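Report on the following structure.
None of these values were measured; they are calculated from a predicted model. Letters A, B, ... are given to chains in the order of the sequence lines, protein chains preceding strands, and every chain is numbered from 1.
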2 protein chains.
Amino acid sequence: MAGNTAVPGTTVTSRVLALLTAFDEQHRELGLSALAERAGLPLSTAHRLVGELVDGGALVRTPSGGYAVGRRLWDVGLLAPVESDLRRVAEPFLNDVHAATRATVHLAVRDDVEVLYLERMTGRASVPVVSQIGSTLPLHCTGVGKVLLAHAPVDVQRRVLADLRRVTPYTVTQPGLLLQQLERVRRSGMATTSEEMTLGACSVAVPVRRGDQVVAAVGVVVASLRRDRTRLATALQVAAQGIGRSLG
Amino acid sequence: MAGNTAVPGTTVTSRVLALLTAFDEQHRELGLSALAERAGLPLSTAHRLVGELVDGGALVRTPSGGYAVGRRLWDVGLLAPVESDLRRVAEPFLNDVHAATRATVHLAVRDDVEVLYLERMTGRASVPVVSQIGSTLPLHCTGVGKVLLAHAPVDVQRRVLADLRRVTPYTVTQPGLLLQQLERVRRSGMATTSEEMTLGACSVAVPVRRGDQVVAAVGVVVASLRRDRTRLATALQVAAQGIGRSLG
DNA sequence: GCTAGAACTTCCGCTGAGCGGAAGCAATCC
DNA sequence: GGATTGCTTCCGCTCAGCGGAAGTTCTAGC
């Protein structure tokens, strides 16, 4: 038979990680072939490694015969120190905002040219929300994203402005207009969006400051801003200040 | 030099998983030696694999020179379908309980002979709480645990009763007494604990039923039950019924 | 029921990625 | 200075891993 033809310089570890990271928000479940293709591995190699990962509890077979991330990886992943101080400190303040507004509340940080969502409390109203804890979205079309972008280094802003993808008909895709908005965000200490990411969803967000650094953003998603933009902003500012103070 | 002396029959995958699962609640950060020992690997093997895992973002170096679980594993782990329907459905009801009581609220399921915490909302009061999302605790000394144990199969109950570890001076360690309590839990539809897991913390919990099966438990942790045990139980029962109905 | 195709599983001989003891290095303590 | 602890590098042996190919099961369309 053929013998070993693996790409030299690769490791089993890298292949295992390629398999694990083949899963994402849109692909929580994958068949073997899809998994192999997304990981860039030959089918039989993927088959063996996936079997070992299932044995170790890192993956599980789904009822429909595919594969998904397993319990073992879930509880190990939760141990990751991803802004854990910020998340711990912020939790009670986010609860307050949620209790006061009954809207979907977000805590997010900037991850290079994207927003990374750290916490989310789902609101009561049926406003469509696409964010997921642990996933990222573009900076230019979400409330927390605009806040983080407005206080990001110039080179980050430049890179974002160079690629303003249209997500909905209302997404701001003109660099000049967005720059104006960012200036207003810095002045007013608050950002808003209206159906720029998701139709039927508007948002308000404010920065969380540690000293004079903006380290995160808190925001809410609602169906309309007509009624109570000010009330929402006030609740968020109270929370943001509380979080900032608690961060010391 | 020596040459290859690896334990036959083991795979790189299993060694990688051994390294990842060396981390737990009590060991969120580990030095290389500790990591190697906990994974049962020779130091130099661990050194190489850990380096590859760091390159892949599965682990990160901490400021103090140790290792911790990385961002990559965090967001992959969050994709795991661990009771995800239950968690999604339960979230708004848990919010209600939290808003009404301002106490620490838990959603938990039974994982063999332990409670697995799925969700937690931290309360305002400074009541000590040891539970962590993704981690497990004994069934016999927590509120949600007693609920789940009371409705567990007989063989699970037998195994738990055979090993009632004392955690605090108030932990119930007499099988007979615990059996009486479990009977009362089934009759009254509610379990309580008083400093049986953590000094200074009491709890109330009720079962979540899907049809006639108990599939989970919701509970609150407070400093004392003297005042409002009934109010807490009522709030929990409303939530548990709502969750059960939503599960269909 | 039959056939076509896709998806999954098993086989097996070649080989270089992985292995780990040992030596080297760095920081900390007494 | 010497001892201890902990991390990093080295290197030649060897078997775990590799993947093309063949075999098997599942699904769909007719």
At less than 3.5 Å, do the side-chain atoms of A:Ser44 and the base atoms of D:dG20 form a donor-acceptor pair? yes
Numerically ordered, the residues 59-69 of chain B set in heavy-atom contact under 4.0 Å with DNA chain D is B:Arg61, B:Tyr67
Closest to the side chain of A:Arg15, out of C:dC8, C:dC19, D:dG17, is D:dG17
Check: protein-nucleotides 26-30 of chain C nitrogen or oxygen pairs below 3.5 Å:
none

task = Kindly indicate whether the side chain of B:Leu199, heavy atoms from C-beta on, has any atom under 4.5 Å from the side chain of B:Tyr170.
result = yes
Of D:dG17, D:dC7, C:dG21, the nucleotide closest to the side chain of A:Glu52 is D:dG17
Rounded to the nearest 0.5 Å, the OH atom of B:Tyr117 sits from the CG atom of A:Leu78 at a distance of 15.0 Å
note: A:His47, atom NE2; D:dG23, atom C1'; distance rounded to Å ~ 13 Å
Worksheet item: Are any of the side-chain nitrogens in B:Asp155 or B:Arg159 under 4.0 Å away from the carboxylate oxygens of its partner?
Response: yes
From the candidates C:dT9, D:dC7, D:dG20, the one with an atom nearest any side-chain atom of A:Pro42 is D:dG20
Taken to the nearest whole Å, CG/A:Leu41 to P/C:dT9 is 16 Å
- Task: Would you check if A:Leu53 and A:Leu19 make a side-chain contact, meaning some heavy-atom pair closer than 4.5 Å?
- Result: yes
From CG of B:Leu30 across to P of D:dC7 the rounded distance in Å is 10 Å
Mind checking if B:Leu43 touches a base, just sugar-phosphate, or nothing, with heavy atoms under 4.0 Å? base
Axis-to-axis angle for the helix from C:dG1-D:dC30 to C:dC30-D:dG1, ends of five pairs each, to 10°, equals 50°
**Prompt:** Taking only N and O in the side chain of B:Arg48, is any of them less than 4.0 Å away from OP1 or OP2 of C:dC19?
**Reply:** yes
CE of B:Met197 to OG1 of B:Thr168, rounded to nearest 0.5 Å, is 8.5 Å
Between B:Thr173 and B:Thr171, is there a side-chain donor-acceptor contact under 3.5 Å, judged purely by atom types and distance? no
*Do A:Thr21 and B:Arg72 have side-chain atoms, one donor and one acceptor, less than 3.5 Å apart?*
no
Atom CG of A:Leu32 and atom P of D:dC26 are separated, to the nearest Å, by 15 Å
5'-most contact on DNA chain C (nearest-nucleotide basis), A:Ser33 vs A:Thr10, goes to A:Ser33
Do A:Leu73 and A:Leu20 have side chains that approach each other closer than 4.5 Å (heavy atoms only, starting at C-beta)? yes
NZ/NE/NH1/NH2 to OD/OE distance under 4.0 Å, A:Asp85 and A:Arg210
no
| task | State, yes or no, whether a side-chain contact exists between B:Arg71 and B:Val60 at a heavy-atom distance under 4.5 Å. | result | no
Here the distance between atom C1' of D:dT8 and atom CG of B:Leu35, to the nearest Å, is 15 Å
Original post:
Do B:Val69 and B:Arg28 have side chains that get closer than 4.5 Å, going by heavy atoms?
Top reply: no
Exercise for the section: Confirm from the modelled atom types if A:Thr45 and D:dG17 form a donor-acceptor pair under 3.5 Å, side chain to base only. Expected result: no
Test item: A:Gln157 side-chain N/O and A:Leu149 main-chain N/O as donor-acceptor pair under 3.5 Å
yes
